[in-house]
Amino acid sequence: MNLWRNSSSHPGWPVPAGALRVAAGVVTLRPVRLRDGAQWSRTRLADRAQLEPWEPSNGVDWEARHAVTSWPSVCSGLRSEARKGRMLPYVIEVDGQFTGQLTIGNVTHGALRSAWIGYWVTTSATGGGVATAALALGVDHCFGAVRLHRVEATVRPENTASRRVLAKVGFREEGLLKRYLEVDGAWRDHLLVAITIEELNGSVSSALVRQGQATWS
Ligand code: ACO
């Protein structure tokens, strides 16, 4: 076993991130775990109408895909990708409670040092600044411990709430990807947005604090 390669190929993992206080409570990020299954399944099934229009299809029916029995293989797949240094799959917690997920994927080092980021928040907690705080913590983690240079995201033009979250954190639009992703039964256009480390003024979290949108916790 090559210990040097294992310890250096996934910087920043499995390190938790936080904490920021927003209207909804104290937001933190921590690695997904096997015992998240019941809450993950309950929330994803209950929030289907709010989540399905924005999430990639995988050919499996929503109910079956989010059965509690599906979580062990979903979770171990995410953690396996994390061990290989390709992904950082986090749970978003508010006041210590499961409130959604934030995933950093396609992590690439070398001359690219880039990744994509995506997230969802349970309907019962939306509108309280949770996604904004979680995204800020995730981006700061990417530019800090993970040592990336660029973070990008894709979002459907119709997803006004998520576009607002991305804008508040400082992502800028780079273009429209035509028929980019199969979502909700069709190939959907997506906006490509990105931020690079040069665009930060300190950190994203400290900018939110300066703007009065969050406080340190
Ligand atoms: N039109 C315009 N703005 C809106 C709308 C709307 N219909 N709905 C909400 N907003 C605004 C809010 O007013 C707020 O902005 P403000 O602070 O300036 O008032 C912002 O959008 C939401 O900010 P937060 O409260 O931080 O976000 P929240 O915790 O509510 O989560 C999210 C937003 C993640 C989009 C949530 O609704 C969700 O999980 N939706 C379903 C899944 C999803 O769309 N995920 C994102 C996919 S794209 C990606 O991952 C890059």
Side-chain angles (χ1 to χ4, degrees), residues 17-29 32 39-40 42-58 62 65-66 78 87-95 97-107 114-142 148 150-177 180-184 188-195 204-205 207-215 217:
L20 281 175
R21 181 181 289 281
V22 291
V26 175
V27 178
T28 50
L29 303 177
V32 292
Q39 276 181 299
W40 171 82
R42 196 179 318 120
T43 310
R44 302 273 307 175
L45 290 174
D47 289 351
R48 176 177 182 168
Q50 289 76 30
L51 296 171
E52 204 170 20
W54 317 118
E55 299 228 350
S57 318
N58 73 349
W62 189 270
R65 183 175 158 190
H66 295 98
L78 292 170
M87 196 173 249
L88 293 94
Y90 285 111
V91 159
I92 303 170
E93 286 191 342
V94 176
D95 296 335
Q97 300 300 310
F98 182 105
T99 306
Q101 285 175 273
L102 178 134
T103 307
I104 298 158
N106 200 21
V107 177
S114 175
W116 57 252
I117 199 162
Y119 44 80
W120 65 272
V121 169
T122 180
T123 311
S124 59
T126 51
V130 175
T132 304
L135 183 61
L137 292 171
V139 169
D140 285 338
H141 192 59
C142 286
L148 298 182
R150 171 184 162 95
V151 180
E152 61 185 39
T154 54
V155 60
R156 288 184 64 183
E158 303 87 347
N159 194 345
T160 41
S162 186
R163 286 180 68 181
R164 177 76 190 125
V165 169
L166 290 158
K168 283 193 287 180
V169 167
F171 281 78
R172 96 198 113 59
E173 291 184 10
E174 293 192 334
L176 184 68
L177 307 173
Y180 174 66
L181 204 55
E182 193 176 5
V183 172
D184 206 13
R188 311 286 184 177
D189 295 352
H190 279 69
L191 288 163
L192 174 65
V193 299
I195 183 169
V204 179
S205 300
L208 287 186
V209 170
R210 278 197 304 276
Q211 292 156 17
Q213 295 186 51
T215 55
S217 176

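A quick note: this is a predicted structure, and the numbers were derived from the prediction, not measured. Atoms within each ligand, like the ligands themselves, are counted from 1 in listed order.
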*Can W116 and E152 be counted as having a side-chain donor-acceptor contact under 3.5 angstrom?*
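Short answer, no.
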Can you list, pair by pair, the side-chain donor-acceptor contacts under 3.5 Å of residues 160-167, counting residues two or more places apart and other chains?
{"residue": "S162", "atom": "OG", "partner": "Y119", "partner atom": "OH", "Å": "2.7"}
{"residue": "R163", "atom": "NH1", "partner": "P157", "partner atom": "O", "Å": "2.9"}
{"residue": "R163", "atom": "NH2", "partner": "E173", "partner atom": "OE2", "Å": "3.0"}

*Heavy atoms only: give me the nearest V183-W54 pair and the separation to one decimal.*
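What the structure gives for the nearest pair is CG1-C, 3.7 Å.
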*Are any side-chain N or O atoms of D140 and backbone N or O atoms of V204, one a donor and one an acceptor, separated by less than 3.5 Å?*
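Indeed, once roles are kept as given, a pair shorter than 3.5 Å links the two residues.
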*Whether R156 side chain and P53 backbone form a donor-acceptor pair below 3.5 Å*: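 Flag set: sc R156 to bb P53 pair under 3.5 Å.
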*Who are the residue neighbours of ligand 1 when the rule is a heavy atom under 4.0 Å from any of its atoms?*
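Residues within 4.0 Å of ligand 1: Q50, L51, W54, I117, G118, Y119, W120, V121, T126, G127, G128, G129, V130, A131, T132, A153, T154, V155, N159, T160, A161, S162, R164, V165, K168.
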*Got a second to check how far Q50's CD is from T43's OG1, nearest 0.5 Å?*
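Nearest 0.5 Å value for the CD-OG1 distance: 11.5 Å.
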